[in-house]
Amino acid sequence: QVQLVESGGGVVQAGGSLRLSCSTSERTFSTYSMGWYRQAPGKEREFVGTTSMSGATADYIDSVKGRFTISRDATKSTMYLQMSNLKPEDTAVYYCAARKGPLTVRFRDYIDAWGQGTQVTVSS
């Protein structure tokens with residue numbers, strides 16, 4: 001059973017930074033593609049970004065490009081979401097997502113496992 005454990009959410013002022021973490025087992029980390037989604041109140045859960053299993057390539061939605069960076073640390077079986085220059089519209093519950101194999105996690109219907117979510121609130 002795949003377990004994804006997120007941490008790092010909180011309240012930050014606009015323009016600030018936060019780093020989210022998603023930890024899992026070594027087996028999951030090495031065999032699953034992983035990425036981040038978010039869900040704002042009253043809205044659909046949306047894809048935020050992902051990086052390849054090697055970390056060589058990344059894919060982000062336009063609204064976070066240049067502000068968010070996803071990285072992977074194989075020694076800790078952990079994926080990170082570094083968020084900078086945060087805006088009030090980034091306020092949401094952020095979810096770690098995983099899909100078995102090397103294909104992208106960009107399509108929600110193909111996600112095999114979700115984390116429990118962590119709240120990020122950006123005040124203006």
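This structure is a prediction, so every number in the text was calculated from the model and none was measured.
- Put simply, the side chain of Q3 never gets that close to the backbone of S25: no donor and acceptor are under 3.5 Å apart.
- Annotation: cation-pi pair R45/Y95 present, NZ/CZ under 6.0 Å from the ring centroid and within 45° of its normal.
- The minimum heavy-atom distance linking I70 with L81 is given by the pair CG1-CD1, 3.6 Å.
- Under the 30°/60° scheme for interplanar angles, the aromatic rings of Y94 and F68 are found to be tilted.
- Cluster annotation: I61 is connected to L86 through the hydrophobic network of ILVMFWY side chains, with a link wherever side-chain heavy atoms come within less than 4.5 Å.
- Summarising the geometry, atom OG belonging to S123 is positioned 5.0 Å from atom CD belonging to Q13; distances are rounded to the nearest 0.5 Å.
- Heavy-atom neighbours of E89 CD from other residues, nucleotides or ligands within 6.0 Å: above the threshold of 12.
- Residues V122 and V93 share a single hydrophobic cluster, defined by chaining ILVMFWY side chains whose heavy atoms lie under 4.5 Å apart.
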**Request:** Show your working on side chain to side chain contact (heavy atoms under 4.5 Å, CB included) between F47 and D59 and close with a plain yes or no.
**Result:** CA-CA 10 Å; F47 170 79; D59 179 25; 3.9 Å; yes
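- Within the 3.5 Å criterion, the main-chain N or O of P88 finds no donor-acceptor partner in the side chain of S124.
- We find the CE-CZ distance between M79 and F29 to be 8.0 Å, quoted to the nearest 0.5 Å.
- The pair D62-K65 counts as a salt bridge, with a side-chain nitrogen and a carboxylate oxygen less than 4.0 angstrom apart.
- For the pair Y110/L103, no side-chain contact is recorded, criterion being any heavy-atom separation below 4.5 Å from C-beta on.
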**Request:** Decide yes or no on side chain to side chain contact (heavy atoms under 4.5 Å, CB included) for R38 and L20, but give the supporting numbers first.
**Result:** CA-CA 12 Å; R38 67 185 180 186; L20 306 184; over 6 Å; no
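- Atom-to-atom distance recorded for R72:CZ and T51:OG1 is 7.0 Å, nearest 0.5 angstrom.
- Rounding to the nearest 0.5 angstrom, the gap separating the OG atom in S63 from the CD atom in E46 is 6.0 Å.
- Scanning all heavy atoms of the two residues, the minimum distance from Q119 to A92 falls at NE2-O, 3.5 Å.
- For the residue pair S23 and T78, a side-chain donor N or O sits within less than 3.5 Å of a side-chain acceptor on the partner.
- With hydrogens and angles disregarded, no donor-acceptor distance shorter than 3.5 Å links the side chain of Y37 to the backbone of W114.
- In this structure, the side chain of Q116 engages the main chain of E6 through a donor-acceptor pair within 3.5 Å.
- Note that OG of S33 and NZ of K100 are 12.0 Å apart. Values are rounded to the nearest 0.5 Å.
- Distance check: L4 CG to S21 OG gives 13.0 Å after rounding to the nearest 0.5 Å.
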**Request:** Could you give me the CA-CA distance, side-chain angles and deciding distance for D90 and V120, then say whether side chain to side chain contact (heavy atoms under 4.5 Å, CB included) is met?
**Result:** CA-CA 8 Å; D90 295 317; V120 171; 5.5 Å; no
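- Hydrophobic cluster membership is shared by M83 and V12, with clusters built from Ile, Leu, Val, Met, Phe, Trp and Tyr side chains linked at under 4.5 angstrom.
- Side-chain N or O atoms of R99 include none that pairs as donor or acceptor with a backbone N or O of G35 at under 3.5 Å.
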**Message:** Before you tell me yes or no, could you show the steps for M34 and C96 under side chain to side chain contact (heavy atoms under 4.5 Å, CB included), namely the whole-Å CA-CA distance, both residues' side-chain angles and the distance that decides it to 0.1 Å?
**Reply:** CA-CA 7 Å; M34 296 172 67; C96 178; 3.8 Å; yes
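- Nearest heavy-atom pair, V64 versus V48, reported as atom, atom and distance to 0.1 Å: CG2-O, 3.9 Å.
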